[in-house]
Each structure stands twice: as C-alpha cells, then as structure tokens.
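Heads up, the thing below is written out as structure tokens.
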Amino acid sequence: MHRTVPFWQQALLSALLLGLFLGAWELAAGRGGGGTGVAVDPEYAALLGQAAAQGGQTPFPRPSEIAVRLWELLRDPFYVRGTNDQGIGVQVAYSLLRVAAGFGLAALVAIPLGFLIGMSPLLSGALNPFIQVLRPVSPLAWMPLALFTIKDSAISSIFVIFICSVWPMLLNTAFGVQSVRREWLNVARTLEAGTLRTAFRVILPAAAPTILTGMRISIGIAWLVIVAAEMLVGGTGIGYWVWNQWNNLSLSDIVIAILLIGIVGLLLDRALGAVQRLVAWQD
Amino acid sequence: MHRTVPFWQQALLSALLLGLFLGAWELAAGRGGGGTGVAVDPEYAALLGQAAAQGGQTPFPRPSEIAVRLWELLRDPFYVRGTNDQGIGVQVAYSLLRVAAGFGLAALVAIPLGFLIGMSPLLSGALNPFIQVLRPVSPLAWMPLALFTIKDSAISSIFVIFICSVWPMLLNTAFGVQSVRREWLNVARTLEAGTLRTAFRVILPAAAPTILTGMRISIGIAWLVIVAAEMLVGGTGIGYWVWNQWNNLSLSDIVIAILLIGIVGLLLDRALGAVQRLVAWQD
Amino acid sequence: ACGRDHGALACDGAPPADGTGAFGEAAEQAVIRAVFPEDATRRGLLARFGAAAVAGAISQFLPLGAAREALAQPAGAPEKKDLKIGFIPITCATPIIMAHPMGFYGRHGLNVEVIRTAGWAVIRDRSIAREYDAAHMLAPMPVAMSLGVGVAQPIPWAVAAVENINGQAITLANKHKDRRDPKQWKGFRFAVPFDFSMHNYLLRHYLAEHGLDPDRDVQIRAVPPPEMVANLRADNIDGYLGPDPFNQRAVFDGVGFIHILTKELWDGHPCCAFAVPRSMITETPNTFAALMRAIVEATAHSQKPENRREVATAISGQNYLNQPETVVNQVLTGTFADGLGQVRRVPDRIGFDPFPWHSMAIWILTQMRRWGQVQRDLDYAQVAQQTFLALDAGKAMRELGLPVPASATRTETIMGRPFDPAAPVGWTERAIRGA
Amino acid sequence: MQHPYVSFEGVTRAYPGHVVFRDLWFGVNRGEFVCLVGHSGCGKTTVLNILAGLDAPNAGGVIVDGQEISGPSLDRAVIFQGHALMPWMTAEQNVAFALSCRHPGWGKAKLRDAARAALEKVGLGQAADRKPAMLSGGMKQRVGIARALAIEPKMLLMDEPFSALDALTRGALQDEVARLVAEANQTAFMITHDVDEAILLADRILLMTNGPDARCAEVVMNTLPKPRNRATLHKLPGYHALRDHILEFLLTRSRTLAGTRPADWDPKSPPDVRPADAPLPAAAE
Amino acid sequence: MQHPYVSFEGVTRAYPGHVVFRDLWFGVNRGEFVCLVGHSGCGKTTVLNILAGLDAPNAGGVIVDGQEISGPSLDRAVIFQGHALMPWMTAEQNVAFALSCRHPGWGKAKLRDAARAALEKVGLGQAADRKPAMLSGGMKQRVGIARALAIEPKMLLMDEPFSALDALTRGALQDEVARLVAEANQTAFMITHDVDEAILLADRILLMTNGPDARCAEVVMNTLPKPRNRATLHKLPGYHALRDHILEFLLTRSRTLAGTRPADWDPKSPPDVRPADAPLPAAAE
Ligand SMILES: Nc1ncnc2c1ncn2[C@@H]1O[C@H](COP(=O)(O)OP(=O)(O)OP(=O)(O)O)[C@@H](O)[C@H]1O
Ligand SMILES: Nc1ncnc2c1ncn2[C@@H]1O[C@H](COP(=O)(O)OP(=O)(O)OP(=O)(O)O)[C@@H](O)[C@H]1O
Ligand SMILES: O=[N+]([O-])[O-]
Ligand SMILES: [Mg+2]
Ligand SMILES: [Mg+2]
C-alpha cells in the first residue's frame, strides 16, 4: 500500500489518459455527433448567409480548436481595449486582487479571534452556535445582502470572499490553539514565560500548521467563491469573463476559463502549501 | 487551555451577544429609515415606496419585521400556488433533493475510485494532476458547460453538485486507504485473509472515518454550491428563492433565507457527523 | 436537404408577398418535391433559379395556389397541448404572462405552464435544450441564434410575434441627477439585459449620437434585468437601459430616476419577442397556430388602456413578476413618478403590438454589424424574412379581426433620423453621425 | 542438533547501502521457546518479519517444517508489538475475524463461541464485547494473544509483545504466556529488550550484536529449572550469573563485537554458552 | 533530620471520587538526589507536578527554601518524560528560549553563546542547529537536560526522563545525569520505573504503594558507594540485596500494602531501610 512507483510510469500513464481523452473528444466532436439535437439544414444556414465553410461547424469545440483559441488568448493576455474588452490575464489579475483583499481581511480577523476563542472555553462555547449557523451559508446568499447594506460592489465582492473564507481559518485557529500540547505550555509555565512570550513563541508556532491548514481550505473556498461572485456582480474578473462568454455561448472560452481557474486555484493552493511546509514542524 | 466552563455560562453569553446584536440592529435600522422628510406632491408621493416618498431609500428591515415575516413564511411553508410561487419549505425540499442526487452520485463514483487510487500508487500518481486541476474549478464555471452539453437544467444542477462534491470524497477515500496502518494489513496477511475480505473487513472500516470526513466536507460544498447554482439557473430551490426575493428587494426574506440555509447546512453537517461517529474508532 | 423533414422552409428563398406564410411554404415545398423527386435535380434547380422561380414555374401547370390554401387551413386540434414557456419577470412579457391567469391559452385549447427564469442565457440554453417549447426572448436573440452568432451553431428560432413595443428607459442613479447630458457620462458603468438586446443597441446608438464611444468611454455589461435595481443601489452601475418594471422600481425605492424613455428614442421600437423554434411550425402546425392566436389575442387585450389595471393586478403577484402592484401599474398605465419629483403621464409608455416588422429586424442586423457581433456580409432582407414571421403573425391577426399591415417593412424614425430598411448600409458604421 | 522445526539458512537482508544482517543461521526446535535479544536497530524485527513471511530475504531462505516459506501462513501466528487489534471490532470480533480466516466455512454462532472460548482462556471472558479503546494495554495485548492462539498455529512469533506495558502488567502477562505456551507445548520465537523476560520465558536466548551487518554472536542456553515464576525467579540459583552475562553482552560486547567476525567464526553454528551452570565469579556475596 | 531544602507537608491530592494520595510528608535535602518509585497510576507524576508548581494540592503545602510555593518557578527546572522540546525550534533555540526567560535582558548573541555552551556540556555542540525531529531520542532528552541545567535552577525535577529510550541510550544518559548532577552538586528529584536507574542515581529512594490513596511506604537509603557506574554497578557489594528489596516491594508489597496503614503508622516519618548494608539472605551464591 505504501509501495512507490517510478515517477515516469505515473507521468506516462497521465499523458496516456490525457491523450486518450482528448483524442476521443476530438473524434466525437469531429463527427458532429455530440450536437444539440437540433439538426441544422445547411441550406437553411446558407440562406441566412452562413459561409459554406461553416457547414462542418460542430456544436462543441474540438480540443484542437480550443488549443488555437488558447494560443490566441495567451499571446496577449494583458491587453486593455476599452472598458468592455480586456485580456484574460487582466481578468485573472482582478480576481486575484479581490481574493487577496477578502482573504487577507479574513485572516486579519480570524486569526486573532480564533486565538481568543481557542484560549477561552467560555468564548468558544458562546460563539460556537453563531459560527456553526453562519458557516454553511452560501456566498451568493450573502451577496444580495452585502450589495444592499454595503452599497459598494467592489467592497461587497470582497466582503463575500471575506465571509466565506473566514470560517475555516477561525475554526482551525481555535482548534490549533486549543490543542497545543499541555507539555509545551507546562514548559513555558515552569520557565515563567509571560503571556505574550507564551502566545508568540509557543502557542502561535505550535498552532501554525493547523492555522495554515485552515488558510489553505479558505483560499480554496475564496477562489470558488470569487468566480461565483463575479458572475453575479460583473464588471471585471475571470468570473465575469465566464459570464460574458456564457452569454455569447462561446464554449472554447468557457473550457479555457475552467482550465485557467483550475490552474490558478492549484497554484494558490500550492503557494499556501509551501508556506505550510515552512511553518510545519515534525515531532 | 482545556478547562471546562459550565454550559449555562456559555449559553448565557450566547444569548447576551445575540440580544445585543439584535438590539443594536433594531435601533440602528429604526433610526436609519427616514430621509430628509421633504414635503413632496402627495400624488407623486403616492407612487413611491414609503421611504422614497420621504426622500430616502428603502431601509434595511428591523429584526422585528424579519420575525413577523418569518412567522408568515413558517406558518405555511409547503404551499404550492403555481409553478413560480411555492412555499419556502418546498424550495428547501427541492434543493435538498438536488443535493441528495448530486452528492449520492458523487459518493457512488468517488468511493470506489478513491479505493482504487488508494490501493495503486501508479493510478494515484497518474490521476493526481487531473484531480488537482479540476478540483479548484468553481461550480459556476461548470454550469454553462453542463447546460450546453447535458441540455437539461435539472440534470445540469445535479452535475454541478456532483463535480464539486466528488473531489473531497475522492481524495479522502484515497488518502484513507493509503494510510491504513501497515500492521493491520500485516495482521490480514498473516491470517491469509483474501483480497475481498481484507478490503471489506480491514481497509474499508479502517478508512471509514477518513472517508466520512471527506463526505462531510463534500456535503458542505454541495450545499454552498446548490444555492449558487439555483441562483444562476433558477426555477426552484432555496437559491432561486433568494434570487427572486433579491429581485423584489425584499431583504427580510433574504435574511430569513440566509438563516435557513445556515440551519439546513448545519443539520446536514450534523447528520454526517452522526454517521461519522458511528464508524469512528478510537485507538 | 430540401424535401426532408422540416427542410421545406429552407428551400423557399422568397416567400410569396401575399401573406400565406409558413403554411403556404410547406405546401409549396410538398409540391416541388412531388414534381422533382430526385434530390440532386431539385437542388440544382433551386440553386440555379431560386425557390420562388421554381415554384412560379411549377404553378404554371399545377394548381399550386389551391394546394397552399388547403394545407394552410388550421387543421383542428393542436398536436401538442401541454407546453412550457419560459419568461423573464419583466413587463415586456405581459402578454405571455397574463395569458396564463386570464385564460387565453386555455381558450385556444392549450395547457401552458409559464416558467419564470433567472436570465437570458438560461432562457437561451433551456430553449436550445427544448426544455421550453417556446419562450420570451429579446427580439434580437432569435436572429442571433439563427445566424449562429453567440451560439455554438445556428439554431433556427424565430420571432413569431413581438411582445411589446417601447416600455424601456434609461435609469440613472440618483447621484447623477445633475448630469443629464450624455456627454457627461464618460466613465459610466451601464447595464443592459443581454448583449443581443434592443437595450444594448439603443443605448449604444444613443451614446454614439452624443459623441461617446460605447466601447471605450463607458462600460456596458450584461446584467439580468431583475438584478439591475440591486446593482444600481449598490453603486455597482451608474445606470441602465433596462426593461420595466425595473426602471420604475428604482424610482419606487428611491434609488434612481428615469432619465429618458426609449419611446422618446424610437417610438414603436420592438423589445421582447415571443420566440418559437422554426421546427414547431412544420412539426406541430396546429399547436403553433393556436399559440399564435392566443398570444396575438393576449397582446391585443393588453394593448387596450382600459384593461391595463386589470392586467397589472394579474401579473404582479408572486407567481409572475413578484413586484409591488403600484410599480407595475405605473408602467402599464403610463402615469408614473419619474424620480425627479414629477408625475408624468405617458399612456403609450409601453405598447403591445404583435406585428414583427421586417424593418425592425433589419435595423437589429445593422447594429449587430455595427458593433462587431456579426463580421460577415448579410442579406438583411432575407434574414429578416426568415426570422421575423410577419406572415404568420399577420395571419393570426387577420383571423382575430385585427388590422394587418400591407407590407412587412416601413421606414422607422430613430432619434429623429429616418431608417430606410431598403438602404440600411449607412447604419452599420460605428459613427453614423456624419453619415 | 536434531532436525529443527524452523531453520534460518544463510539469510541476508540488506537495504540499498545498508546491510541489516548477513548469512544468518539458526534453528528453532518443535516445542522450544527461543528469545532474540539485541539493541534497537540491530535487525530483530527484520528477522521476525522474514520468519513470518511478511518480508523476504535478499539471499538464503527459511525452512519451516521441511518447506521453504514464501509468504505469511496461518501456521505461524504473530503477536505484534502494538497489539495490532482492529479498533473498530470488539475483542470478540477481533478473534472471530482471525477464526473466520482459518475456518471460512464456520457460521456466525460457531465463530462467536470459539472466540469467546479463546478469550476465556486469557481471562477476558467478561470483556469480550468491549472495543480495544475500552481495554487497558495489558488487556489489549491479551486479546492479541488470544487471537494468535485461537487459530491454533504451529508456531507463535512475538515482537516485543510487552514492551509498551507497565511493569506490573508486563509481569502478569509474562506469567500468562509462560503458562499458555507450556500448556500447549507451543513452539515460540520472541523478540525482547528485557533481560528478565528472556530469562523467564526462553529455553534458548540468541544474542545479536549491534547493526549494521549484525550477527548472532552467541546462543545462551537457559538452564534454570521450569516452570519458572516471576516473583521467585531472582531466587533461583544461577539467575544472577545468567542475568549478568546477558547484561554484560548488552552493555559492552554487543558493541565491541559489532562488525567484527573472529577468525574461527562459523556463521552456521554460533557458540553455545551456559552461564547459569557455573557460579558467578564477582557478584557473589 | 536537618532542615530540608524541599519539604512536602501533609499534601493531599484528590479528584472527585478519587483520592490519589493523602497526608504525604517527605523532604529533599540540598544537594541530595531522591528517586520516587512506584507502579503506574500511584500518583508519582502528581507529586512531581505539585512540586513543580504545575498542580496544586487539595490540602497541605510544599515548602521550598523556607517559602510555600504557589506556582512554577525558574528555580525548579523540570525535565519532562516526553522531552517536551518545541519541535519548531532548533536544539539551540530551545535552550536559548529557556535562557531568554531567565535573563530577559540578554541579547541574541549572548543567548546563543550561552545556549551553545549548555549544549556542549551535554555533548551536543555539533547538533545545535538541528531540529528535534532530526535528533535521536537520546539526543532530544539531552537537549531537555541542557535546557533545564542552562537556567541554573536550584533544583532539578525529572519525570521518568529516560523511560522512552532504548537500553543502550538510557544507560549512557543515566551516566551523564549522574556526572552532571554530581559536578554541580545539584538537588534532584526523579521519578522512575526502573530499579537499576534508581540504584545508580539516588541517595534515597521513596517507595510508593499502589493507588488509589497511595502513600510513601518506606524510604530506602542507598548506601552503595559513589561515584557509581552502570557497567560496574552490579558488581558492587550490596547491589543485589538492594535491587531484590525494591523488586520485592514492587512485585508484592506495593500491592499488599495498598490502602492499608499499620497501627503505628506516622505519615510524617515513613520507616527508613538500608538493605545494601546487610548481606542478602537467599540470593547469595
Ligand atoms: N524499509 C527500510 N529501508 C531501509 N532501512 C530499513 C528499512 N526497514 C528497516 N530498516 C533498517 O533495518 C535495521 C533493522 O531494523 P529493525 O526494525 O529490524 O530493528 P530492530 O532490531 O527490530 O529494532 P527495535 O528494537 O528498535 O525494534 C534498522 O537499522 C533500520 O534502519
Ligand atoms: N485530571 C485528572 N482527573 C482525574 N484523575 C486523574 C487526573 N489526572 C490524574 N488522575 C489520576 O491520578 C492518579 C495518579 O496519576 P499519575 O499520573 O500521577 O500517576 P503516575 O504514578 O505518574 O503513573 P505513571 O507511572 O503511569 O506515569 C491516576 O489514577 C490517574 O487516573
Ligand atoms: O426584455 N428585456 O430584458 O427587456
Ligand atoms: Mg523491532
Ligand atoms: Mg507519571
């Protein structure tokens, strides 16, 4: 169960699976089979001025078409051609900025508050019911409320990121602080270390891996939520980009956006994973 | 740090905090309602909302107003007055049904597949890149694709639940299976237990708590996502209800929906928590 | 593919001008197929001479007119009675909606479920998926779908009837009360319901006429109409050219004011459409006919000023628009608060006229071209004919004793400038001021 | 030497860049109790795992009952150091699971009865329905013993079975294992760190030098009379001599001998010693 | 008895429904090494925690240096059973953390130098930059010792400091602690399960009966000559008598005496015994 398999075997199988999947897709889409069920009469289309070349157009884009489009988008990801037309890189940057703001704010609130909750069983018991009820509330249910009360869409988006990513950090910080080993606290006590010294030199580093686990969950949620929030609020961001491409039903762009969202999400996760490794300690 | 505090103290503090919060809100909302109070043409005023007639904007509802509305909604939660007008209980039931379908499907796929991945380091390595990239993709980015390819909005919503809740279960099952203690496997081997017997009597129960942790995360995500999906696609469900009330700018209903979503989410989490306790084992 | 399935329409390049419409085309098609059973031959002929010419030639020796008449008679009971129709909760959908509580569908033997939907993209997707048998769409949507613009492949839908004319407005946030001149609007963020909407085209035209470049000087984004007020209130947008009741709702909630009614831009412009898949006409002609009659009747009923209050009551409830009745009332009666302290009386603020003028479609096409949504050359008249079913609507109107225009085109007046559908080219340029 | 039940024949186990032990030979006779003593990391567990069939040698082989082994077998039951009970099963279910592997045909009732009987034997009749978490360390290890004995193996393998227990419990269990093994005349092979434990239980004690490249430096014959009992063990004549000999080995010789091989070294027969038969030279009082 | 440095005076510790020990009296003199031996659960850790100031008695008090204690103090350093190093700090940082508590005014460089010096003393100069996870169990415990000694406490408290280590490492560390304590003439109080360890290190050995309601049944005076050395300990005259006396207590009397109090029992002065001074009656060979 813990056997190790050479990396090249895994990579080969990965590549093989990817190849098979893309190949099957290319073929399936090429045959036009995966269509909409509404067979289009090419002559009808011709009457409407469709170029004959488009007779073979398929409803779902083929991987090769997507690759071409991807190349187009990535050749110039940061262009800004007016307010309604900006490169995909610009959109991702907008989303990342919002996530950074909301997530940063959440960390600023959650970590000190989590610390307090972790240290005080009373506070922990008293706040728990509220946390438990608010935690499962969907970000998009918050959005209308935020828009209405905050009256600023930029801050509303950030608030929604905030409110969704605050819970895992809060709970994990509290849990991490609660489960600092008694023996380390005893060491600090026998050394007559003061409250602040104990908090910063013992409890914080001891709880850091747990806190970072919470932050990692949070950033994942924040990234899920930003796309949803931007679809709803619009204006800029990768979520708005998806929304726009959906309105135009341009499937290649949506597939590309999905990939991009996945990859950026993965990178965010990896980045926090790296920080997590930095503060991790082994026993 | 592990001191226990009497329950009544926690409950008292909880109640106190809630009371303070609601009180402050009631006061703040009560004062904020009116505008400048400029006298306007009564005919004109009659055409406006109450607040606008006084030169202001519709204010945020007070807790007491929300309570009244809550009572209205809960008095008859299951009425059906046409396609577009159904009680809040009916909407929650729709959402729960969708979550059950998507989540159930995801479990059916994720648990066996996770088992395979957990048992095979090769498969684990090969599939990992795909899982890592697809996992952070926002549900709502999937939605347009699902609507287009599946061509059924009901199934699309379920698909989106499926795709979002499949990852934690898959990863946790794989992880749980991977980390079954070597010593238990050795026990099985020295007892010459067959593959099936080992899988069902040793690996599955050993991994069950981890699998259930994954399921618990998944149901949380599924519940977040269903609200978002329903807001976007509409028709029925608590998410659609939020959207609908938002359009009517009826904030009382949105606050009630947030509470309801939170409580239902909490109950779902608790239900899986109960199952988790059933399969948990202590060492 | 002529002669197979519903391909009939496709072969009829120039439908007769006498108003026999799609039924006639089907009959004609059947005849052409009977005369030239060989596919290749038939296609060759059609390609060379066009369907009209071929039909004309055939009619020399066959009683084509008679066949058309016979086939065009409404042949009794609808093939499919249980229909689902999607709508967006706005007053543009009034005829579609009020036909439900007020029994117009039932009167024509149909059992219709009207389903409130969250946004235009969802309407489009559920229509393509045939979850909806017919739908409330923005007038440009069936055109775009048929052209394969904004969809993955051409999907032949058509405007069977126009739902409403006028009835839109530009609403601005209250803080802009002192900026009534569009020249001051640089940097504004506007919302329109959808990229393929009259709202988008009208707003762009309006801005361009005042010297703003809609793509550079302002931001225009697609926001589902119901979300517009909330976004305006949240200062997420500065204004919108949107459908009612959301203009009026902004006033009602003290969030915005009505800057201008679209009636003042183009009196009689179309907004929303009652859209059907083209296949419905050939596959379930009786259903189609019944539905047309119901919609046309409902439209006519909604148009009468004396019915407007009753209609407002019928559609304001939870099941339909889910809006305060007074708001819907102000929209439908045209006596409304403008958000600037005035009570205005514009009885024709919104109108209901089902006839799908081809000239409307042609203007829409020029704007698609103008703003880059369509990049190739189009035969505007052809496309208009295929997607705006003036003949079928006219037939239903005639059956209900309503006056039917003699021609499907007319000269429109848009912001004081005449639009001649026969000479549309000037309107495709980004800057038409100087044209 | 008679034909032994188990014989290790020239077994070598190495990891890349690290030879654990090389060319190891020894035998265990039927009914004999052999203990393996040595410092941490010298390779004791590796020896036991190879014998259990859980690990495979790089060279050489292990013959059990005339056949070279190729994997685990129900005939060689293992009592693991960390008890290795399945925590989601009750004590009874743990034993029944083992029984169901030995006797796939048995019904539920029969399995239950046999499992209860096995638990009775180790004095746990009343704790049969408890899960391991509700048992003390000693009770858990008892269940492990019951599980091993229930399948009636030809041989019992034990890897420091009591090292995690406190002194009192450890003593009680040592007595119990001594009794059970004697009753069944069970062949047994046990690893331990505890000199007194080895003296109490073993017929022969294999002393391993420190690793890497460990070897079995000598075989100590335990000639103290049986049955032995923990409370009176230290009063047996020869006990102190035997204990001091082994302690001496662990304290100094295990290290000084490590890596060396005397000129006359024959891996096939490490020297036998019988310290308990001779009077203790220095420590006598 | 001279005026002791530490004196436990009538200390009682009870949890609801469970008296751990009652009316406990004993003293530790300046420069003396006292071991506390008893079975698991009898309350040894509780005694040590009260002495450290980490736990508080329900009745009675502890006087240290003439003052009743009210909490932990830098004057009483604790070496914990599980080493209790902070795993996110290097060995040096662990020691420096303790030093920075003792000397809040010291700068970074001074703390570093002092920490290095403390680690040199326990032979870990070259491992100062490693985190605990990269140290062996023995090295970790050494860092714990260095940390405790670095703050120059007036007294050292140790709770089974070596029980988690293997025999070889344990032996080496015992020798080291013996040396360091002797060098500094450190007052020390240690809990152990290991009889040999107690004999090696202690001047006096307190024997506790099993719990609940445990008591200090007798005080064994260790009269074996100092300095003692692990390798030669078992050759000292009186060693076997001393060891057998304590073993006897642990094997039988700790249980039989539990809960009982003889008629002439004076909790303030449990009987002193000196088994190493008399010849061993039975085990002599
Ligand atoms: N998978 C492995 N890869 C490399 N080296 C290993 C592996 N498993 C064990 N070893 C090495 O083999 C040697 C013997 O290990 P083993 O567990 O048999 O020792 P042991 O005598 O049982 O020790 P202990 O008394 O601590 O249980 C050790 O030095 C260990 O580091
Ligand atoms: N927080 C507590 N609540 C109730 N009982 C406790 C608590 N802490 C310890 N005890 C009890 O006090 C008794 C003494 O515990 P203590 O840890 O002092 O024993 P010990 O002699 O150190 O055992 P060991 O040798 O296993 O370390 C035990 O019976 C234990 O169950
Ligand atoms: O129909 N409109 O969205 O106007
Ligand atoms: Mg081992
Ligand atoms: Mg203890």
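In what follows, chains are A, B, ... by sequence order, proteins preceding strands, each numbered from 1.
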Tell me every residue that passes side chain to side chain contact (heavy atoms under 4.5 Å, CB included) with E:Gln93, counting only those two or more places apart in sequence or in another chain.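 With sequence neighbours excluded, E:Gln93 shows a side chain to side chain contact (heavy atoms under 4.5 Å, CB included) to E:Met89, E:Thr90, given in chain and number order.
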
Is the number of heavy atoms from other residues, nucleotides or ligands under 6.0 Å of [X] [atom1] greater than 12?
X	atom1	result
E:Tyr5	OH	yes
E:Phe97	CZ	yes
E:Glu152	CD	no

Per-residue contact mode, E:Arg102 against chain A (heavy atom under 4.5 angstrom):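 Answer is neither: E:Arg102 stays 4.5 Å or more from chain A.
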
Can you tell which part of E:Ile151 gets under 4.5 Å to a heavy atom of chain A, answering side chain, backbone, both or neither?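 Contact with chain A: side chain only.
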
Among residues 9-17 of chain E, residues within the sub-4.5 Å heavy-atom range of chain A, in order of number, are none

Would you please go through residues 111-129 of chain E and name the residues with a non-hydrogen atom below 4.5 Å from one of chain A, in numerical order?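 Hits under 4.5 Å: none found.
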
Quick check on the interface: out of [options], who has the most heavy-atom pairs with chain A under 4.5 Å?
options	value
E:Gly53, E:Pro72, E:Ala98	E:Pro72
E:Ser73, E:Ala133, E:Pro132	E:Ser73
E:Ala52, E:Ser100, E:Pro104	E:Ser100

Contact origin within A:Ala206 toward chain E - heavy atom pairs under 4.5 Å: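 Contact with chain E: backbone and side chain both.
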
Of the backbone (N, CA, C, O) and the side chain (C-beta and beyond), which part of A:Val279 lies under 4.5 Å from a heavy atom of chain E, both, or neither?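 Neither part.
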
Sub-4.5 Å heavy-atom contacts with chain E: which residues of residues 186-199 of chain A show up?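 When heavy atoms of chain E are the reference, residues 186-199 of chain A contributes A:Asn186, A:Val187, A:Arg189, A:Thr190, A:Leu191, A:Glu192, A:Ala193, A:Arg197 within the under-4.5 Å range.
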
Is it true that a side-chain atom of A:Trp184 and a backbone atom of E:Leu85 form a donor plus acceptor pair closer than 3.5 Å?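 Yes; judged by distance alone, with no hydrogens or angles, the pair exists.
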
